[in-house]
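Data block below; observations after.
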Amino acid sequence: MVEEILPEVIIKDLGHDGRGVGKLSGYTIFIPGTLPGERVRARLVKKKKRFGEALLEEVLEASPHRRKPPCPVYSECGGCQLQHMDYSFQVEFKQDRLIQALYRIGEAQKLPSPRINPAGNEWKYRNKATYHLQGNHVGFFSRQSRRVIPHEECALLPVAANRIKKSLAGLLKQKILSSGKNFTVRTSFSHQQSLLILDESIKPRVSWEKVATILRKENPELVGIYQQGKGKKPGREIWGKSRIKEKMGDYTFELGPATFFQVNSEQREVLLKRAKQIVLELGCRNIGDLYAGAGVFGINLAKYVDRVMAVEISREAVAEGKRRAQLAGLDNIEFHRGEVEKVFTKLPRELDCVLLDPPREGCHPNLWQLIEEKKVKNIVYISCNPATLARDIAELQPLGYRIETLDLVDMFPQTYHVESVALLEGK
Ligand SMILES: C[S@@+](CC[C@H](N)C(=O)[O-])C[C@H]1O[C@@H](n2cnc3c(N)ncnc32)[C@H](O)[C@@H]1O
């Protein structure tokens, strides 16, 4: 389509992904990088029947919450969406999103006011980043397309991750490594350790040993290089170890290339603290840790309860959970590998608290019947997506569950992602 400069637009609201929403003669227009109350000039780049998408040309009247984004590639890179918003307003936006989702999708009648847990650090908080490659370009995908936007330093990542990225980009430029699809850097916040995970298509022109020596010289915290397998084929350690240590709660875990772990190490501790507080206050004795990952919640809670049942689909995560439990001398936590919606039937009836921490897609619909059959008293739902949290709560309400407390834990500053913990009590 021919791009069109629009007449002045007034931003009324924010969409779920942080884009400003304005109207022109009743037609809705989404404009990234704008804030409610602002008057802007924008260029229409996509015209659909019900809404259009435009790019910001000029802010004519700025919101008091506007700030200069520190990242020079912010307007192009798809990694962040909220850098132009001051941090307290970001948190307000997320609180609003959570509440709106619970009222609209979750059909909640009455909600407790959420407790807000802003991030201690709004920068350099991420312990994991996947970089995309296009020739010698290394970076994240653009906001609009799958074009890679290179950057010098990402403001959300710690020094170690930025440095490894820079070294890798250097090796690609010098053709010591051939370009591929992507690589991931995982960095421990409690130990001086990083792990580099390459996709299967990245190949060295010298030995891997030589590549490791060059990388280690610039990145002494690098403990291993792992290469993923093609398709479903297993990957392999190509140098060093394929795990890094990270202290989570009271225990140190060893995380492999595929094991899920919360990307914000500091805020993960806030989640753990809240889960422990709930379990202790309610006096829970038998708990389920569903979608357990390596059992970070279950293992940390085991010493306060009689029994923990952890369920997780990933083999690598379950193996790590079992190993940690054994090393910690915990004999009251059991790991079950498989899909929650299938394995849950095998768990005992008398669970008085179940922690649900599903991926963004939320829980499987078959779970609700099992929760009802097992007469689970309390549910602690840890969610990274308000829309699926609300959808799942709408299923739980007819079964007699009500939201007692709600916590917003900002795990993802500068992005629109919302993490929350809801405590639901049964009738
Ligand atoms: C958001 S993560 C939470 C992990 C863990 N609670 C933590 O904080 O580290 C979701 C986890 O659910 C697992 N998962 C996804 N679908 C599953 C399913 N149907 N059944 C069991 N586990 C599943 C993923 O492998 C992942 O480890």
Side-chain angles (χ1 to χ4, degrees), residues 117 125-128 184 186 188-190 232 243-276 278-279 287-302 308-325 333-347 353-371 379-389 391-392 395 407 409 411-412 415 417-422:
N117 303 268
Y125 64 82
R126 276 191 76 99
N127 56 34
K128 180 186 168 194
T184 299
R186 283 189 146 186
S188 169
F189 273 55
S190 57
K232 289 205 166 147
R243 299 217 202 105
I244 53 169
K245 291 186 174 162
E246 170 91 327
K247 189 161 184 286
M248 307 198 197
D250 299 332
Y251 302 93
T252 296
F253 288 72
E254 285 199 6
L255 299 156
T259 305
F260 172 90
F261 61 108
Q262 307 282 353
V263 295
N264 186 326
S265 298
E266 286 176 9
Q267 291 294 84
R268 175 195 57 235
E269 296 302 305
V270 177
L271 291 181
L272 283 172
K273 212 165 130 196
R274 180 65 191 131
K276 174 177 153 191
I278 292 174
V279 165
I287 65 172
D289 180 4
L290 309 187
Y291 306 92
V296 177
F297 285 99
I299 287 177
N300 274 289
L301 293 171
V308 182
M309 306 276 169
V311 184
E312 163 62 41
I313 201 166
S314 150
R315 212 174 280 279
E316 180 182 296
V318 168
E320 173 56 15
K322 284 184 176 168
R323 203 163 36 228
R324 273 319 109 194
I333 176 162
E334 277 170 40
F335 280 86
H336 298 260
R337 197 191 80 78
E339 290 163 312
V340 165
E341 56 278 13
K342 291 188 183 144
V343 175
F344 195 56
T345 36
K346 295 187 204 146
L347 303 191
C353 182
V354 153
L355 271 81
L356 301 176
D357 186 8
R360 287 187 60 71
E361 302 76 51
C363 297
H364 193 282
N366 290 356
L367 189 60
W368 313 129
Q369 195 195 337
L370 304 177
I371 293 235
I379 297 172
V380 181
Y381 196 135
I382 301 147
S383 158
C384 58
N385 183 349
T388 53
L389 168 75
R391 180 203 66 197
D392 290 351
E395 296 288 333
D407 273 72
V409 181
M411 299 283 278
F412 315 103
T415 80
H417 296 287
V418 180
E419 181 89 12
S420 62
V421 184

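All ligand and atom numbering here is 1-based and tracks the order in the structure.
For atom 20 (N) of ligand 1, the nearest protein heavy atom (residue, atom name, distance) is Val340 N, 2.9 Å. Among all protein heavy atoms, the one lying closest to atom 15 (C) of ligand 1 is Pro359 CG, 3.6 Å. Here the heavy atom of the protein found nearest to atom 6 (N) of ligand 1 is Asp357 OD2, 2.8 Å. Ranking protein heavy atoms by distance to atom 22 (N) of ligand 1, first place goes to Ile313 N, 3.2 Å. Among all non-hydrogen protein atoms, the one lying nearest atom 13 (C) of ligand 1 is Glu312 OE1, 3.2 Å. At the top of the distance list for atom 19 (N) of ligand 1, counting protein heavy atoms only, stands Glu341 OE1, 3.3 Å.
Salt bridge absent: Lys273 and Glu269 never bring a charged side-chain N and a carboxylate O closer than 4.0 Å. Taking a cutoff of 4.0 Å between a charged side-chain nitrogen and a carboxylate oxygen, Glu334 and Lys346 do not qualify as a salt bridge.
Side-chain N or O atoms of Glu312 include one that pairs as donor or acceptor with a backbone N or O of Ser314 at under 3.5 Å. Between the side chain of Glu316 and the main chain of Ala258, a donor-acceptor pair closer than 3.5 Å is present. Proximity of a side-chain donor or acceptor of Arg186 to a complementary backbone N or O of Gly256 within less than 3.5 Å is detected.
Every residue two or more places apart in sequence or in another chain that forms a side-chain hydrogen bond (donor to acceptor under 3.5 Å, both in side chains) with Asp357 is listed here: Gln262.
Counting heavy atoms closer than 4.0 Å to ligand 1, residue Pro358 contributes backbone atoms (N, CA, C, O) but none from C-beta onward. Here Ala292 has backbone heavy atoms under 4.0 Å from ligand 1, and that is the only part of it that gets that close.
Heavy atoms only, all atoms of each residue included: Ala325 and Phe335 are closest at CB-CE1, 4.4 Å. Listed here is the closest heavy atom pair of Ser188 and Glu246: OG-OE1, 3.0 Å.
Distances below 4.0 Å separate heavy atoms of Gly338 from the following atoms of ligand 1: 20 (N), 21 (C). Each of the atoms 7 (C), 8 (O) of ligand 1 lies under 4.0 Å from some heavy atom of Gln262.
Checking Phe260, Tyr291, Phe344, Phe297 against atom 9 (O) of ligand 1, the nearest heavy atom belongs to Phe260.
No N or O atom of Glu339 sits closer than 3.5 Å to an N or O atom of ligand 1. Annotation: Val311 places no N or O atom under 3.5 Å from an N or O atom of ligand 1; distance criterion only.
In this structure, Ala317 does not count as a contact residue of ligand 1, since none of its heavy atoms falls inside 4.0 Å of the ligand.
Looking only at side-chain heavy atoms (C-beta outward), Pro358 and Thr388 stay at 4.5 Å or farther from each other.
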